[in-house]
K.L.:
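Here's a structure for you.
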Amino acid sequence: QQQVKQSPQSLIVQKGGISIINCAYENTAFDYFPWYQQFPGKGPALLIAIRPDVSEKKEGRFTISFNKSAKQFSLHIMDSQPGDSATYFCAAEGAGSYQLTFGKGTKLSVIP
Amino acid sequence: DGGITQSPKYLFRKEGQNVTLSCEQNLNHDAMYWYRQDPGQGLRLIYYSQIVNDFQKGDIAEGYSVSREKKESFPLTVTSAQKNPTAFYLCASRSRADNEQFFGPGTRLTVL
């Protein structure tokens with residue numbers, strides 16, 4: 001049973017456009033929702049994270065939108081750049097579990 | 001520099017051989033993790049350890065073994081019982097005080 005569903009699998013966006021990646025979860029015990037960015041051949045790195053007590057968090061060009069009632073959260077990348085081309089993973093963790101459950105990833109390509 | 005190191009970066013193994021992947025961290029983190037990454041599958045948890053001399057199975061532990069004799073080290077052994085070991089292996093760690101998991105650069109294992 002996949003606890004975190006991520007879509008789309010791949011995404012092509014023109015430079016300067018908005019990239020949107022969506023995730024849905026089932027476990028209502030999740031209370032921490034990070035997004036990781038991974039470049040080819042490298043380990044993932046934390047991009048931005050949110051907790052369910054807020055509906056939105058913004059850091060630079062990256063924004064997480066969180067909808068607790070719908071059990072969905074999304075990553076928005078404004079003014080997308082070719083350097084943003086990478087694979088993005090959403091994840092979720094339950095309080096005190098020390099375990100992240102990852103989505104299957106979205107490969108983003110930003111074309112000039 | 002603080003961080004997580006994994007060695008080797010590339011590893012080739014013949015069928016039927018056991019192989020050990022190294023993971024070392026100097027972040028003074030209590031918890032350490034091993035993930036397996038396959039194309040289109042996201043990150044799947046193999047084993048994790050929250051404290052020295054203790055570890056728990058993740059979602060795909062069959063065919064793998066670990067040890068945690070020192071806080072900074074969490075080696076993973078891929079045994080001959082693992083039917084499809086060719087993959088990208090990622091080690092991660094985190095502190096108790098923070099949710100963020102920090103990832104190493106990964107080891108790509110290929111079975112010949």
Side-chain angles (χ1 to χ4, degrees), chain A residues 1-11 21-25 27 29-54 57 59 64 73 86-108, chain B residues 3-10 21 23-25 27 29-51 54-61 68 74 87-110:
Chain A
Q1 182 183 9
Q2 185 185 357
Q3 294 194 54
V4 179
K5 294 184 179 180
Q6 183 172 346
S7 63
Q9 278 188 312
S10 62
L11 180 62
I21 305 170
N22 300 299
C23 283
Y25 64 97
N27 187 345
F30 288 149
D31 73 342
Y32 172 71
F33 302 89
W35 285 90
Y36 280 81
Q37 179 188 56
Q38 184 181 31
F39 294 103
K42 307 293 185 184
L46 179 67
L47 189 62
I48 187 172
I50 198 168
R51 293 193 179 274
D53 53 342
V54 296
K57 182 175 181 180
E59 291 184 0
I64 298 180
F73 59 110
T87 299
Y88 293 82
F89 294 96
C90 64
E93 180 179 296
S97 75
Y98 284 84
Q99 290 183 62
L100 284 171
T101 299
F102 285 87
K104 293 190 174 184
T106 297
K107 184 175 182 180
L108 171 65
Chain B
I4 302 174
T5 56
Q6 291 186 242
S7 61
K9 186 172 178 66
Y10 299 96
L21 282 59
C23 177
E24 303 277 333
Q25 54 99 0
L27 301 168
H29 286 170
D30 291 296
M32 297 187 73
Y33 306 81
W34 274 106
Y35 294 91
R36 171 180 171 140
Q37 185 173 24
D38 297 281
Q41 293 296 315
L43 280 71
R44 293 183 290 169
L45 183 64
I46 304 172
Y47 269 98
Y48 66 102
S49 167
Q50 296 189 34
I51 196 169
D54 188 43
F55 48 83
Q56 288 78 40
K57 293 181 179 179
D59 299 320
I60 55 167
R68 186 87 187 275
F74 191 41
F88 190 49
Y89 290 87
L90 289 159
C91 179
S93 71
R94 62 167 278 182
S95 73
R96 290 185 178 275
D98 189 357
N99 289 91
E100 181 178 357
Q101 285 191 23
F102 292 81
F103 284 84
T107 292
R108 186 166 299 280
L109 173 64
T110 302

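Below, chains carry the letters A, B, ... as their sequence lines are ordered, and counting in each starts from 1.
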K.L.:
Flag the pair B/Phe103 / A/Gln38 as yes when at least one side-chain heavy-atom distance between them is below 4.5 Å, and no otherwise.
P.N.:
no
K.L.:
Looking at chain A, which one of B/Gly106, B/Pro105, B/Cys91 has the largest number of heavy-atom pairs inside 4.5 Å, strictly under?
P.N.:
B/Pro105
K.L.:
Look up atom OG1 in A/Thr87 and atom CD in B/Gln37, then write down how far apart they are to the nearest 0.5 Å.
P.N.:
7.5 Å
K.L.:
So, using side-chain hydrogen bond (donor to acceptor under 3.5 Å, both in side chains) as the criterion, who are the partners of B/Tyr89 when residues are at least two apart?
P.N.:
B/Tyr64
K.L.:
What part of B/Leu43 lies closer than 4.5 angstrom to a heavy atom of chain A: side chain, backbone, both or neither?
P.N.:
both
K.L.:
Heavy-atom distances under 4.5 Å only: say whether A/Pro44 touches chain B with side chain, backbone, both or neither.
P.N.:
both
K.L.:
For the residue pair A/Glu93 and B/Gln101, confirm or rule out a side-chain donor-acceptor distance under 3.5 Å.
P.N.:
no
K.L.:
In terms of heavy-atom contacts, does CD of A/Gln9 have more than 12 from other residues, nucleotides or ligands at under 6.0 Å?
P.N.:
no
K.L.:
Chain B: which of A/Tyr36, A/Tyr98, A/Tyr32 shares the most heavy-atom pairs with it under 4.5 Å?
P.N.:
A/Tyr98
K.L.:
Please state whether the side chain, the backbone, both or neither of A/Thr106 comes within less than 4.5 Å of a heavy atom of chain B.
P.N.:
neither
K.L.:
Just so I understand: if I count every heavy-atom pair under 4.5 Å between each of B/Leu90, B/Asp59, B/Asn99, B/Leu45 and chain A, which residue has the most?
P.N.:
B/Asn99
K.L.:
Please examine the side chains of A/Leu100 and B/Tyr35, heavy atoms only from C-beta on, and report whether any two atoms are closer than 4.5 Å.
P.N.:
yes
K.L.:
Give the member of B/Arg44, B/Gln6, B/Gln41 that has the highest number of heavy-atom pairs under 4.5 Å with chain A.
P.N.:
B/Gln41
K.L.:
Please rank A/Gly41, A/Pro34, A/Gly43 by heavy-atom pairs under 4.5 Å with chain B and give me the top one.
P.N.:
A/Gly43
K.L.:
What pairs of residues pass the salt bridge (charged side-chain N to carboxylate O under 4.0 Å, His left out) test when at least one of them lies in residues 31-50 of chain A, not counting sequence neighbours?
P.N.:
A/Asp31-A/Arg51
